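Heads up: the structure comes next, in structure tokens.
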Protein chains: 2
Amino acid sequence: MSETPLGFVLFEVARLYRARTERAFEQAGLGITSGEARTLVYVNQHPGLRQTALAEKMNVEPMTLVASLDRLEAHDLVRREPDPSDRRAKLVNLTPSAAPLMARITAVAAEARAETLQGLSDDQVAAFRATLEHLRANLVRCARAPEDA
Amino acid sequence: MSETPLGFVLFEVARLYRARTERAFEQAGLGITSGEARTLVYVNQHPGLRQTALAEKMNVEPMTLVASLDRLEAHDLVRREPDPSDRRAKLVNLTPSAAPLMARITAVAAEARAETLQGLSDDQVAAFRATLEHLRANLVRCARAPEDA
DNA sequence: GCTTATAGTAAGAAAGACTTAATATGTCCG
DNA sequence: CGGACATATTAAGTCTTTCTTACTATAAGC
């Protein structure tokens, strides 16, 4: 009986953590999914970006982001305005009504995180994050560089 | 600009890693998804379990597993036989034709893993795995213990 | 024997993510 | 300046994973 490949463990933990987060969001009555929350977080971190630029920051296809933004816009949480320097483009920002929700999202997510990370030291958490970020950098690099070298 | 919540980083890394794995599987012409590969790995690790027991090992609902097994059975990679001790149940095993595919899955997954983990020491990888397993244990515990305490 | 629980099958829905295609706009080069 | 190529967004569609609800046959417990 061999060890479960690391990738499958990672996928499983991500799935379980996500389910935990969704439950927390639902119980708190936030009215959004973790995917939508993630979009809000990124718009907040990078206000006024074009949709395509934001999608690149988030490592998803623009279409994927747009669907998420559509739902958030419908909830008056983000607004999309024409880019004055390029009539093809739109700039994405949070609306004022997003601020209180962001605070709640942060608090609820912190709850789920605390439960998930229970028993780990701050150093262990920091190392874990650093590793994740390292993996992400590797994965982003290989996703953007076709293997024709 | 605040730090991206750990959960979102984790979800993103899992997604990117999964996409990387799917690409590798497709390029190798394996004909199965990473989800199906995961099921094969678990059947291999736990031969002859009932579907419900296997689903529990995998932390998914039985229905989810059954859908996966349906596809794998259609490809003659697993077989389900009635449990002689309980006529409601079925026992799941790999078929002989799964063995060569398992070897290929393992090799291809190792490729994706090597690329993803590039730059990390063996100790770092081991610590990462240990942390993932710790998180999984926490998440499994809270998923199975309702918060009415 | 009746009630409750369990295992598996069937049907349906949601979320997230991607691909293809079309249109309007922008850039570059001859 | 015009044509070829590239880009941003919208529209439509597909796939995978995962879950929930419901039903039937079987098993367990009292």
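Remember, it's a predicted structure, so these values are computed and weren't measured experimentally. In what follows, chains are A, B, ... by sequence order, proteins preceding strands, each numbered from 1.
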> Whole Å only: how far is the CZ atom of R23(A) from the C1' atom of dT18(D)?
Replying inline: 14 Å
> Which letters describe nucleotides 16-25 of chain C, given B = protein heavy atom under 4.0 Å from base, S = only from sugar-phosphate, - = neither?
Replying inline: SSBB----BB
> So, for T95(B) and D76(B), which heavy atoms are closest and what is the spacing to 0.1 Å?
Replying inline: OG1-O, 2.6 Å
>> Rounded to whole Å, please give me the gap between CG in L54(B) and P in dG8(C).
In response: 10 Å
> Taking atom C1' of dT10(D) as reference, at what distance in whole Å does atom NZ of K90(A) sit?
Replying inline: 8 Å
> Can you list every pair that meets ring pair (Phe, Tyr, Trp, His ring centres under 6.0 Å) and has a residue in residues 72-130 of chain B, with sequence neighbours left out?
Replying inline: F128(A)-F128(B)
> Rounded to whole angstroms, how far apart are CZ on F25(B) and P on dT17(D)?
Replying inline: 11 Å
>> Quick check: closest heavy atoms across Y17(B) and G7(A), and the distance to 0.1 Å?
In response: CE1-CA, 3.7 Å
> Nearest-Å distance, CG (L49(B)) to C1' (dA7(C))?
Replying inline: 14 Å
> Nearest heavy-atom pair of E133(B) and V9(A): which atoms, and what distance?
Replying inline: CG-CG1, 4.4 Å
>> I'd like to know if the side chain of S121(B) pairs up with that of D123(B) as donor and acceptor (distance under 3.5 Å, no hydrogens or angles considered).
In response: no
> Does a side chain donor of either N138(A) or E115(B) reach within less than 3.5 Å of an acceptor in the other side chain?
Replying inline: no
> Could you state the CG-C1' distance from L65(B) to dA7(C), rounded to the nearest angstrom?
Replying inline: 12 Å
>> Without decimals, in angstroms, what is the distance between D83(A) CG and dT7(D) C1'?
In response: 13 Å
>> Using whole Å, what does the distance between atom C1' of nucleotide dA15(C) and atom CZ of F8(B) come to?
In response: 14 Å
